[in-house]
Amino acid sequence: MAKQIQAVRGMNDCLPGTTQIWQKVEDTLRKTVASYGYQEIRFPIVESTDLFKRSIGEVTDIVEKEMYTFEDRSGDSLTLRPEGTAVCVRAGNQHGLLYNQEQRLWYMGPMFRHERPQKGRYRQFHQFGVETYGIASADIDAEVILLTARLWQEFGISEYVTLELNSLGSNEARALYRDALVAFLEQHIEHLDDDCKRRMHTNPLRVLDSKNPEVQAILVDAPKLSEHLDEESQAHFQNLCERLDAAGVKYRVNEKLVRGLDYYNRTVFEWVTDSLGAQGTVCAGGRYDGLVEQLGGKGTPAVGFAMGLERLVLMLQELDCVGDIRRNADVYVAAMGDKASIQAPVIAEQLRNEVAGLRVMVHAGGGNFKKQLKRADKSDALVALILGEDELAQGKVTVKYLREQKEQITVSLDEVKTLLQALIA
Ligand code: ATP
Ligand code: MG
């Protein structure tokens, strides 16, 4: 036998049974963002490598070690998108959607990062994201957070997620803070691990979210970002908190929340859960007022978030919050004899025409009565419609109930339509 080829490590197939859950999640996401007036944007999976280097930052985990970068046949350096925000800005700039305009956009699709695969962390994963442009005030920060809170409600998992919130201040304030932090870290250099020592000079704020307990112990006495915030950012953050309070959205201010991407300023937030073990962040976002300009556009304030769909689906499964899944088939049509077998798909088409939303599966591949009924039973249909020579002659069908103890009946086609309508109502 030929050797089977396996999927690439960290890249998952999504099989029937699970695809239904994903479809349901995607439907809920689409409906919810639509209820806020957001519009979908779609962009390519492959982009110039420079786009991510210039936006996410050269010394971030993503750019340093996680990107799928390759040279194409023309020698251009391309990268499978590791995230959507930079791509959204690139597309917005390119098509003139951003400057002097307001946009409330969303996207959904696969992202790629070369990480060590584990539960909740994959090399191809999916994000649902929202990006808004042209609004500098905290009302829009509050709106995108409110939207995420509504999503948790829709999915029935509100009680399992908590919102962590912080402000990174203006770029100037952050630069001042960075100096203060580096000075502090230099005094404690003997307690820092290699990763932190390196970051101390390249991206010192990232030291704050080191997972190393020894480093965290030192950080207790580190200067605080909140003490370095500029006045405007302080007011912005207060206004955001006021709005969340008014809307009844609970949050925890986490001064160490800095996020791993360079482009954020002011608001940053994460929704975290204990239901997933180590990979506890389901959704993360913030404000990135400088990015549009940094990528060659004209200054445009922006705020958004991205949600990891594998983690969301895992949560729904583990918390038993998947809910009802629509049956794959309501009706299975079986036919006895050549004539009936030719007529069966014709009747099925009529049923699909006349009973909105009905899912009709027609037996294929021949076989005797027993085999066909076995297939009917294996499908998740509620009833089998049996079409034999007698039924054909009388213009009738026999309805056999597959999931309940009920006598089978032979009825006219009109009657069967009414019966099926009631069945799926
Ligand atoms: P983490 O700290 O878990 O690595 P991150 O800060 O790299 O997350 P973002 O770039 O902010 O994550 O992406 C937003 C969301 O996308 C994350 O909160 C998570 O739910 C999801 N996500 C990120 N990387 C992965 C991955 N490799 N596999 C699955 N989901 C992911
Ligand atoms: Mg990461």
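For ligands, and for the atoms within them, numbers begin at 1 and follow the listed sequence. If you read the sequence from its start, that first residue is 1, and numbering goes on from there. Predicted model only: the values in this text are computed from it and were never measured.
Here E270 has no heavy atoms under 4.0 Å from ligand 1, in either its backbone or its side chain. Heavy atoms of D61 found under 4.0 angstrom from ligand 1: none, in either backbone or side chain. The residue R123 has no part lying near ligand 1, judged by heavy-atom distances below 4.0 Å.
In this structure, a donor-acceptor pair under 3.5 Å is absent between the side chains of Q350 and K417. S55 and Q294 share no side-chain donor-acceptor pair at under 3.5 Å. A donor-acceptor contact under 3.5 angstrom links the side chains of D139 and S137, judged on distance only. In this model, a donor atom of one side chain and an acceptor atom of the other lie less than 3.5 Å apart for R174 and N171. Of the N and O atoms on the side chains of H191 and E214, at least one donor lies less than 3.5 Å from an acceptor on the other residue. With 3.5 Å as the limit, one finds a donor-acceptor pair spanning the side chains of Y288 and E131.
Taking a 4.0 Å cut-off on heavy atoms, Q279 fails to register as neighbouring ligand 1. Residue-ligand proximity: E115 is placed with a non-hydrogen atom under 4.0 Å from ligand 1. Using a non-hydrogen distance threshold of 4.0 Å, E83 does not register as a contact of ligand 1. Using a 4.0 Å heavy-atom cutoff, H126 is absent from the residues neighbouring ligand 1.
Summarising the geometry, atom CD belonging to E293 is positioned 12.5 Å from atom CG belonging to L98; distances are rounded to the nearest 0.5 Å.
Every atom of ligand 1 is numbered from 1 in the order shown, and the set under 4.0 Å from a heavy atom of R259 is 6 (O), 9 (P), 11 (O).
Taking each of Q124, R311, R116 in turn, the one with a heavy atom nearest to atom 19 (C) of ligand 1 proves to be R311.
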